[in-house]
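Shown next, in structure tokens, is the structure this report addresses.
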Amino acid sequence: MSSPILTICISTYNAAHLLRVTLGALLPQVASLGDLVEVLVVDDVSTDDTQGVVETAKALGPVRHVRNEKNLGSSPNLVNGPVNHARGEFVWCWNQHCLLYPGALARVVEALQKQSHLDIFYANFRCAAYPADWPEEAVGGYEGPYRYLGHQNREDRAVQFWHELLEPFACMGTQSYAHIVKRHIWTSFWAHRDLHVSYKDAISTYPHTFMLAYTVLHKPSSYLGQPVITIYNGAQSWGALAPRSRVWMWGWTDLMDCFRKLGVPKCKVAASEKFGSSQIGPLVLAALQQNNAEVLRMLPRFLWRHGKQSGVVSSTWQAFLDSRCCGLARGIVGFQIWWKRTTQYLFYQCRPARWIRAHSCS
């Protein structure tokens, strides 16, 4: 077979109900483009009907199913597809909850053909909520409701350096589905690196973004402004409290350190660190309320390494107070309430305070 210009790698694990709709939106568009695009489902030893869903979906268009010999985990499986199984000149890594916009694949392929000298493309996307916005069917593409855009700018444009597209409001390029990358970038970067865990640091949480930071940070890119897919917040594989805490406490903070060392503008890194700090308080609060020992064990290491970042200590302290998890927290909150009421009375409500305010105003 001649090599296709694009391989779409879909990493999946026990999400046949999502994969069915995802393939339904994608495969008819793939079929219309002949041999230009291959679809690769990288199955991390699912125990549900993933294989049956893939076999049924072949009626809509070509798709290749690769099943791992053992469960690799989310991040290693993301790397596995592009490095070991993809055949396309470019690779586009999806999650199992990405729905292609009608007619979008032809636009993507046209851009790749016209600018094949580039190593990386950035594809804009729409964000919806799972399960509220998830459709039962999306055959041929999905253009239903969504909540917001990954990037507000819808104009295609050339970008001198890839890092110009890294924005705090768009999570600093941490979405694998936003990047279409030359396969040789994947194979060369991971040729002498092994990834066996998920969510321990930057490389094991965001292997795609870490790779791009060390390979194409200062290379030109092309921005595809018209959204091409819709993704669903809430359907991520790391949505449970413990992995979500590792993502924000370890992966995100380590990635910001990498960006800083590699020369990403300081204002972007600072804003991104502030955004990451805002996620810590709710996680700590949930861990204290649920007595989640795994998350609480992560906290000292995180504070030791990243406590100087803006807002980290204050958000963690406030979460401790809000949890009322022990006598100390309840005592401090009680004292704060008493102090607020006392000062309110002494300086605003008692007779001398009212007399002073009245005469100072006159």
Side-chain angles (χ1 to χ4, degrees), residues 11-18 42-48 68 70-80 93 95-97 127 129-131 171-172 174-177 194-210 231-258 272-307 309 311-326 329:
S11 300
T12 190
Y13 175 69
N14 281 354
H17 61 296
L18 299 175
V42 188
D43 182 359
D44 203 16
V45 198
S46 297
T47 57
D48 62 3
N68 299 334
K70 62 178 182 179
N71 184 272
L72 301 179
S74 177
S75 295
N77 196 42
L78 176 68
V79 174
N80 178 36
C93 289
N95 298 321
Q96 55 213 4
H97 51 83
C127 298
Y130 181 84
C171 293
M172 294 294 282
T174 53
Q175 307 93 344
S176 63
Y177 47 78
D194 291 322
L195 187 60
H196 300 295
V197 296
S198 298
Y199 315 135
K200 289 292 186 181
D201 50 19
I203 192 171
S204 63
T205 302
Y206 306 108
H208 49 290
T209 311
F210 189 90
I231 63 95
Y232 288 80
N233 294 321
Q236 295 93 335
S237 59
W238 47 270
L241 179 59
R244 187 154 44 95
S245 299
R246 289 195 293 271
V247 164
W248 289 108
M249 290 186 184
W250 294 350
W252 179 267
T253 50
D254 282 355
L255 184 63
M256 294 309 108
D257 288 342
C258 291
S272 300
E273 287 178 334
K274 186 176 181 181
F275 173 74
S277 298
S278 70
Q279 309 298 312
I280 301 303
L283 293 172
V284 174
L285 177 60
L288 290 169
Q289 291 175 335
Q290 300 173 23
N291 195 24
N292 190 307
E294 182 179 358
V295 176
L296 296 177
R297 283 196 298 268
M298 301 178 200
L299 193 56
R301 172 183 181 266
F302 169 74
L303 292 175
W304 176 259
R305 294 187 60 184
H306 305 288
Q309 291 183 8
V312 166
V313 173
S314 60
S315 62
T316 303
W317 176 252
Q318 190 58 51
F320 169 70
L321 297 180
D322 292 342
S323 70
R324 313 291 207 277
C325 63
C326 64

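Panel note: side chain D44, backbone L72; a donor-acceptor pair is recorded below 3.5 Å. Although no hydrogens or angles enter the test, the distance criterion places a donor-acceptor pair under 3.5 Å between the side chain of N14 and the main chain of T47. Judged by distance alone, with hydrogens and angles left aside, the side-chain atoms of Q279 form no donor-acceptor pair with the main-chain N or O of S277 at under 3.5 Å. At least one donor-acceptor pair closer than 3.5 Å links the side chain of D201 to the backbone N or O of S204. In this structure, D48 contributes its side chain and A15 its backbone to a donor-acceptor pair below 3.5 Å. A side-chain donor-acceptor contact under 3.5 Å links T174 to the backbone of C171.
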Legend entry - side chain to side chain contact (heavy atoms under 4.5 Å, CB included) between M298 and N292, intermediate numbers included: CA-CA 10 Å; M298 301 178 200; N292 190 307; over 6 Å; no

Inset, instruction - Go through the steps for R244 and Q236 under the test side chain to side chain contact (heavy atoms under 4.5 Å, CB included), then give the verdict. - result: CA-CA 10 Å; R244 187 154 44 95; Q236 295 93 335; over 6 Å; no

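Of the inter-residue distances, the one linking N80 atom CG with S75 atom OG reads 12.5 Å to the nearest 0.5 angstrom. With values rounded to the nearest 0.5 angstrom, L241 atom CG is found 10.0 Å from R246 atom CZ. One finds the CG atom of L283 at 9.5 Å from the OG atom of S315 (value rounded to the nearest 0.5 Å). Note that NE2 of H208 is 12.0 Å distant from CD1 of I203, once rounded to the nearest 0.5 Å.
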